[in-house]
Amino acid sequence: MLAVNEAKKLIDEAHINGIDHVYTFNIPNEVVENTDLTLIRLSDVNQKPAIWGSDDFGALTREIEVQIFYKQDPDVDPEVLESQLFKLFVHHDWELGEVHGHTFDTDTNQLTCTFYVYNMKYL
């Protein structure tokens, strides 16, 4: 299963308060400009062979980007929601990578946050 699909399933099953929808790769056009929802977009970043031996590899290191687009009047504190996501990934064998600061989407004026997580998939 693709890493983004695994991450989507993980987030969906966690039922974290304040997350309305999780999408992989693209947010549908009919939803892109809706500022009444808090959306997460998951994208593949990198995948590389790991655990080398006998001229072969036994695992893949997979990295994904998690982008959060907060609705204009969030019901939850963004730090609380992000901390819950960080812990969710870490407690399910993902490692937290770079966490970028908060910015505003210039088209919708929504608060956004981007961070990266990665894990090892053994083959």
Side-chain angles (χ1 to χ4, degrees):
M1 179 184 295
L2 292 175
V4 291
N5 292 337
E6 286 181 23
K8 180 183 183 333
K9 185 176 187 266
L10 183 65
I11 296 169
D12 285 344
E13 290 177 353
H15 302 289
I16 295 174
N17 185 37
I19 298 173
D20 295 305
H21 296 290
V22 181
Y23 297 100
T24 56
F25 301 109
N26 292 310
I27 297 174
N29 286 336
E30 61 271 13
V31 180
V32 165
E33 293 186 23
N34 186 336
T35 60
D36 297 328
L37 300 171
T38 294
L39 309 174
I40 294 180
R41 181 175 74 171
L42 305 171
S43 303
D44 276 323
V45 174
N46 195 357
Q47 178 173 284
K48 60 185 174 183
I51 307 182
W52 287 89
S54 299
D55 294 327
D56 200 1
F57 59 94
L60 294 171
T61 300
R62 307 173 310 161
E63 182 177 13
I64 63 170
E65 178 182 70
V66 180
Q67 289 182 294
I68 307 169
F69 297 87
Y70 289 98
K71 62 179 162 182
Q72 291 211 337
D73 293 314
D75 302 281
V76 296
D77 180 344
E79 274 190 347
V80 170
L81 189 144
E82 291 157 23
S83 295
Q84 289 176 318
L85 281 171
F86 296 164
K87 287 182 179 222
L88 176 68
F89 280 107
V90 168
H91 293 165
H92 287 86
D93 299 322
W94 291 76
E95 293 187 44
L96 187 58
E98 230 177 279
V99 179
H100 293 214
H102 294 94
T103 61
F104 278 95
D105 181 281
T106 55
D107 294 327
T108 63
N109 292 320
Q110 288 175 275
L111 181 67
T112 69
C113 177
T114 301
F115 65 94
Y116 298 84
V117 292
Y118 56 95
N119 76 349
M120 183 88 59
K121 179 178 182 176
Y122 298 94
L123 305 174

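Just the heavy atoms: all of them, side chains too, but no hydrogens, waters or symmetry mates, feed the values below. Keep in mind the model is a prediction, meaning the values are calculated, not measured.
Residues Trp94 and Ile68 share a single hydrophobic cluster, defined by chaining ILVMFWY side chains whose heavy atoms lie under 4.5 Å apart. Follow the hydrophobic side-chain contacts under 4.5 Å out from Leu2 and you reach Val66 in the same cluster. Hydrophobic clustering places Val99 together with Phe104 (ILVMFWY residues linked when any side-chain heavy atoms are closer than 4.5 Å, directly or through intermediates). By the rule that hydrophobic residues join a cluster once side-chain heavy atoms approach within less than 4.5 Å of another member, Ile27 and Ile64 end up as members of separate clusters. Criterion: ILVMFWY side-chain heavy atoms under 4.5 Å apart, direct or through other members. Under it, Leu85 and Phe69 are not part of a common hydrophobic cluster.
Leu37 CG to Gln72 CD: the interatomic distance, rounded to the nearest 0.5 Å, is 11.5 Å. Taken from CG in Leu81 to CZ in Phe86, the straight-line distance is 9.5 Å, to the nearest 0.5 Å. From Leu88, atom CG reaches atom NE2 of His91 across 9.0 Å, with rounding to the nearest 0.5 Å.
A heavy-atom distance below 4.5 Å is found between the side chains of Leu42 and Ile11. Side-chain contact between Leu111 and Pro78 is present, with at least one heavy-atom pair separated by less than 4.5 Å. In this structure the side chain of Asn5 never reaches within 4.5 angstrom of the side chain of Lys9, judged on heavy atoms.
Taking Ile, Leu, Val, Met, Phe, Trp and Tyr as members and joining any whose side-chain heavy atoms lie under 4.5 Å apart, directly or through other members, the hydrophobic cluster of Ile51 also contains Met120, Tyr122.
Residues Phe89 and Ala7 approach most closely at CE2-CB, 3.8 Å, considering heavy atoms. Of all non-hydrogen atoms in Tyr70 and Cys113, the two that sit nearest each other are CE1-CB, 4.5 Å. Annotation for Lys8 and Asp12: closest pair NZ-OD2, 2.6 Å, computed over non-hydrogen atoms.
Residues in residues 15-32 take part in no side chain to side chain donor-acceptor pair (under 3.5 Å) pair, two or more places apart or across chains. Screening residues 60-69 for side chain to side chain donor-acceptor pair (under 3.5 Å), with sequence neighbours left out, gives Glu6-Arg62, Arg41-Gln67, Arg62-Asn119, Glu65-Tyr116. Applying the side chain to side chain donor-acceptor pair (under 3.5 Å) test to pairs two or more places apart or on separate chains, those with a residue in residues 102-114 are Glu82-His102, Thr103-Thr112, Asp105-Thr108, Thr108-Gln110. Residue pairs meeting the ring pair (Phe, Tyr, Trp, His ring centres under 6.0 Å) criterion with at least one partner in residues 25-55, sequence neighbours excluded, are Trp52-Phe57. Residue pairs satisfying the salt bridge (Lys or Arg N to Asp or Glu O under 4.0 Å) criterion with at least one member in residues 66-75, sequence neighbours excluded, are listed as follows: Lys71-Asp75.
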